[in-house]
Amino acid sequence: KEPYNEVFRRPDVNFATNKLELEYWKMISHWVPAYIADGLAKITGNKAIMLRAYDKVHRASKTFTFFTKREWTWTDGNCNMLMGKMSDIDKSIYSFNVHDITR
């Protein structure tokens with residue numbers, strides 16, 4: 001069985017350089033095919049699902065964009081403080097020192 005035999009369309013990723021380009025590709029790649037597919041589904045008596053599916057994709061993408069478009073700063077102050085207060089026995093039981101992680 002081929003992995004793409006039963007999909008609506010093959011997955012593809014395009015990175016837009018601005019919001020206008022992004023909206024253009026969403027219209028061409030998502031909304032137009034979804035309206036066509038849902039129209040054909042209604043004509044043939046099937047359930048229209050593509051508009052709802054792409055709406056979910058776009059909402060998930062917006063959420064993902066929130067986290068990927070921002071700069072995040074992480075500190076390890078609390079971990080270092082906790083490691084400093086732990087006994088050697090606790091350190092061996094609850095090992096969470098990042099320097100001990102091997103690749």
Side-chain angles (χ1 to χ4, degrees):
K1 187 174 180 180
E2 295 294 322
Y4 292 122
N5 277 352
E6 298 176 16
V7 296
F8 174 64
R9 52 185 290 262
R10 290 176 186 232
D12 187 23
V13 176
N14 292 327
F15 293 100
T17 56
N18 59 58
K19 192 162 184 137
L20 181 63
E21 183 184 2
L22 175 65
E23 293 303 319
Y24 169 79
W25 283 115
K26 278 178 15 181
M27 179 65 69
I28 298 299
S29 297
H30 295 177
W31 295 124
V32 170
Y35 274 105
I36 292 170
D38 281 357
L40 291 172
K42 285 181 182 180
I43 289 170
T44 59
N46 294 312
K47 187 176 179 182
I49 60 170
M50 293 311 299
L51 286 171
R52 186 166 179 243
Y54 276 122
D55 185 51
K56 286 182 178 183
V57 166
H58 293 155
R59 279 188 281 134
S61 178
K62 264 187 179 175
T63 302
F64 185 65
T65 300
F66 173 82
F67 293 100
T68 58
K69 291 280 189 176
R70 285 171 172 70
E71 184 173 324
W72 299 89
T73 304
W74 304 96
T75 62
D76 60 351
N78 286 340
C79 287
N80 291 336
M81 181 267 309
L82 192 56
M83 285 293 287
K85 291 184 175 185
M86 290 173 73
S87 69
D88 289 336
I89 295 171
D90 286 342
K91 287 179 185 177
S92 66
I93 295 171
Y94 307 106
S95 178
F96 61 90
N97 188 351
V98 232
H99 298 293
D100 295 338
I101 299 172
T102 58
R103 290 181 186 238

Working to the nearest 0.5 angstrom, can you tell me the gap between [X] [atom1] and [Y] [atom2]?
| X | Y | atom1 | atom2 | value |
| --- | --- | --- | --- | --- |
| I49 | Y54 | CD1 | OH | 10.5 Å |
| L82 | K91 | CG | NZ | 10.0 Å |
| I93 | D88 | CD1 | CG | 11.0 Å |
| S29 | Y24 | OG | OH | 8.0 Å |

_Tell me whether the count of non-hydrogen atoms from other residues, nucleotides or ligands lying under 6.0 Å of CG in N18 goes above 12._
yes

*I28 atom CD1: more than 12 heavy-atom contacts under 6.0 Å*: yes

*How are the rings of F66 and W72 set to each other: parallel, tilted or perpendicular (split at 30° and 60°)?*
perpendicular

*For the residue pair W31 and H58, does the interplanar ring angle fall in the parallel (under 30°), tilted (30 to 60°) or perpendicular (over 60°) class?*
perpendicular

*Only pairs at least two apart or in different chains count here, so list each salt bridge (charged side-chain N to carboxylate O under 4.0 Å, His left out) that has a residue in residues 59-72.*
D55-R59

*Not counting sequence neighbours, list each pair that qualifies as a salt bridge (charged side-chain N to carboxylate O under 4.0 Å, His left out) and has a residue in residues 25-54.*
E23-K26

*Contact summary for A34 and L51, nearest pair of heavy atoms*: CB-CD2, 3.7 Å

According to a 4.5 Å side-chain heavy-atom criterion applied to Ile, Leu, Val, Met, Phe, Trp and Tyr, with indirect links allowed, do [X] and [Y] form part of one hydrophobic cluster?
| X | Y | result |
| --- | --- | --- |
| I36 | M50 | yes |
| Y35 | M27 | yes |
| V57 | F64 | no |
| Y94 | M83 | yes |

